[in-house]
K.L.:
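This is the structure I have questions about; it appears just below.
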Amino acid sequence: MAERRRARRPPLLPLAIIVAFVAVAVLAGVASPADPYAQHLRSRLAPPIWSAGGSWQHPLGTDRLGRDLLSRLFYGARVSLAAGVVTVALAGAVGGGVGLVAGYLRGRTGALLMRVTDATLAFPIILLALVLAVTLGPSFANVVVAIAVILWARYARVIYGEVVALMERDFIAQARALGASPVRIIAFHLFPNTANTLVVLVSLQVGYVIVVEAALSFLGAGIPPPTPAWGSMIAEGRDYITSAWWVSLFPGLAILLVVLAFNLMGDWLRDVLDPRLGQF
Amino acid sequence: MRRSTLTSLLVLCLVTAAPAWAQPSPGELTVVLSSLSTEALDPILAGHIVKFYLSLMFDYLVGATPDGQLSRDGGVATRWEASADGKRWTFHLRRGVRFHTGDELTAEDVKFSILRALGPRSTTGYAQGLRQLVKEIETPAPDRVVIVTKDTTAMIPTLLSRLLSTEGMILPKQYVEAKGDDGFARAPVGSGPYRFVEQVSGSHVRLEAVPSHWRLGTPKYKTVVFKAVPEETTRIAMLRRGEADVVEISRERMKEVAGAGYPVHLRREDGQIEGWFVQPWAQTPIRDKRVREALNLAIDRKELAETVFGGQASPAAVPFGLSWSFPEIKFKITPEMVYAHDPGRAKRLLADAGYANGFPIDIFAFQLPGFPEGRAMAEAIAGYWQHVGLKPRLIPVDYPAFRKQWFDRTAPGALGYYNIANRDWIGTYALIDKYAAPSAKSASIRDPELDSLMDAVIHQADREKTYALMRSIFNRLRSEHLGLPLVYYHTPYATSKRVPRWNPGAIMYELNVDELLAGK
């Protein structure tokens, strides 16, 4: 019993990182020590405070245009959080909906929806994002669309599996016998019973979306400059990696910490919410 | 044998074996650049920007010295003269020059090559200007070519020389006719000191020396390889590992490379970073001269030169004012021509023009070979313009994507830029014509007075009057703010320790590799 309680205790460090990440993103305007867009070319590539030549004016140093790196990291967190939340919400809503409908209907319609899902899963996100960036130009909206257009299929596939199993349960048969409509069954019987799975998926996918958004920005197909985005910040520092390592390192570290924290939280949520684990 | 002895032997083998694979062959010179640009092998297919390897495969009608003067020693023509009316140019050809096929180079090959460069397939830099000038080409003897022009002109020798583009490169008529254009473009043959061996697209071009050549004698290196390596860190690593002899480096990393003990060679004022606004201007704020001046005044060129360009650049003042053209035409940049960094005046000019609250302006952000600072510079310009109240929108693209929008005129008023190679006044005139001629796809300037000055130059036979017209052209470009002159830049190249001395020369799109290869 004590071990189970310990397992259900939330992981404090990942939780703290996520809270800090969200706080920094929300309060970037207040917390940033400088304007993240203000360039000071004479102060370009200034080192962090603890290196020789560093100053409190720019605690983490400056980038190639002399912009404050800490402020850009804070504003970059806003972009990553927004991309993560909006994309996952969009993909979760669409994918969850498709999974619920396909699992309830099954038959030809369900099979067709699942084949579309399989085909979507086979399409590489990066390629789609590059196509969108070339045709429509890189933008935040295009990044969200490019990731969500592929990501929904993961939700659809998992939720479909859950719903197929639920459809064999007695309470669904009873609801049908009492004349409940398909919409009612899906909304009030199937959805609540798949919500836990959806929450676990969402928590695991936020980290994934942050990594994909960073990769797209790194490739120039994501958030266009001068908007600070962690991926494009890494790309900007690539040419200075031997002389001004901090330009790439800090955004890279931020991505590592946040993604790791979301993944650990997702694992914990899965452990807590999975009813099969509760039987032991 | 004991384990420690075995380990020592293994380490010894590895240490001694490493240089064997790392070092290039002693008979091979490896030039590593950020890009091989169009990678064309046919001189008429945008060959001017790949002159650095084509000029080893082909000879020019008129040669040039490394410091940018016409030369009777470096080309197929040993001398040339104009008729009294300046409409017939006779070129006397060097005897005994042979193509790599073994055929002798004759006047027919010269005529064929020039006509081909002027043909409809040609995309070279100065084909359009030559088409307007050349009336016909005569071949009175195998070693004599006469170019007849429609108007009096002094430009013919320069236009067909190594100083400018590739229109003056001589091709073997028989071979090209036998192979066809496509066959020639895949397996080109010239008469230069090196013959074509192979091309791997996106990777390298390999050339092999002919046994003896009139230009270079017996070349020092049996093969020359031009490699494209986009990542600078990789290029520098290749230099450190001994896999490269000549490496293009950025201005920012000069100190680091020189500090590691590698010779760094500068091409001084190698070119000008020039910005221009995509046509048509009619519906954009750019049509207003005050706006164009404000956009210029908002930029701190000194700061750009000292920071983004690592101190290896100096402020430019005249749109399309390439500095190697100034001495001959006696043009001087006066202190008042240099744009001051004056955001206050820029704001006032914008307000006077009715844009007190600014306006949105697109800036295409891209990098180019020899210009790794491209994106950083575009972002810096956006910062300067934002500071005076404009609403710049950065559009990161690859250069070909921008070029399409520029040529299709689908981004009116947007800023584009290029690192324009420095050149003499005739080359500069032809360049301005590319940007100003209303019919040119690349037209980015619209000014009727400039058009009339340009027209007057081509019909002027008197040299001093031509120079005066060129000075007026530069003054007009500056007074009307018909562009965004940014900086003159120096280009650094690092060499391996086996290439301690080298003058990269002062010829556009060339590296004077001849000096490294010459055996005589």
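Bear in mind the structure is a predicted one, so any value in this text is a computation, not a measurement. In what follows, chains are A, B, ... by sequence order, proteins preceding strands, each numbered from 1.
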K.L.:
Sort out for me which of B:Gly383, B:Ala365, B:Pro392, B:Ala380 touches chain A most, counting heavy-atom pairs under 4.5 Å.
P.N.:
B:Ala380
K.L.:
Side chain, backbone, both or neither: which part of B:Ile395 has a heavy atom under 4.5 Å from chain A?
P.N.:
neither
K.L.:
Between B:Pro396, B:Ala376, B:Ala378, which shows the greatest number of heavy-atom pairs under 4.5 Å with chain A?
P.N.:
B:Ala376
K.L.:
For a quick check, list the donor-acceptor atom pairs closer than 3.5 Å between chain A and chain B, or say none.
P.N.:
residue, atom, partner, partner atom, Å
A:Gln39, NE2, B:Ala380, O, 3.0
A:Arg42, NH1, B:Glu306, OE1, 2.3
A:Arg42, NH2, B:Glu306, OE1, 3.2
A:Arg44, NH1, B:Glu252, OE2, 2.4
A:Arg44, NH1, B:Thr307, O, 3.0
A:Arg44, NH2, B:Glu252, OE2, 2.9
A:Arg64, NH2, B:Glu379, OE2, 2.8
A:Arg67, NH1, B:Glu379, OE1, 2.9
A:Arg67, NH2, B:Glu379, OE1, 3.1
A:Tyr240, OH, B:Glu252, OE1, 3.3
A:Thr242, OG1, B:Arg253, NH2, 2.9

K.L.:
Which one, A:Pro224, A:Pro225, A:Ala38, A:Ala221, leads in non-hydrogen pairs under 4.5 Å with chain B?
P.N.:
A:Pro225
K.L.:
Counting neighbours of CH2 on A:Trp50 that are heavy atoms of other residues, nucleotides or ligands and sit closer than 6.0 Å, is the number greater than 12?
P.N.:
yes
K.L.:
Go through the atoms of B:Val397 and report whether side chain, backbone, both or neither lie under 4.5 Å from a heavy atom of chain A.
P.N.:
neither
K.L.:
Could you pull out all residues at least two apart from B:Phe364 that satisfy ring pair (Phe, Tyr, Trp, His ring centres under 6.0 Å)?
P.N.:
B:Phe402
K.L.:
Under 4.5 Å from any heavy atom of chain B, what part of A:Leu41 do you find: side chain, backbone, both or neither?
P.N.:
both
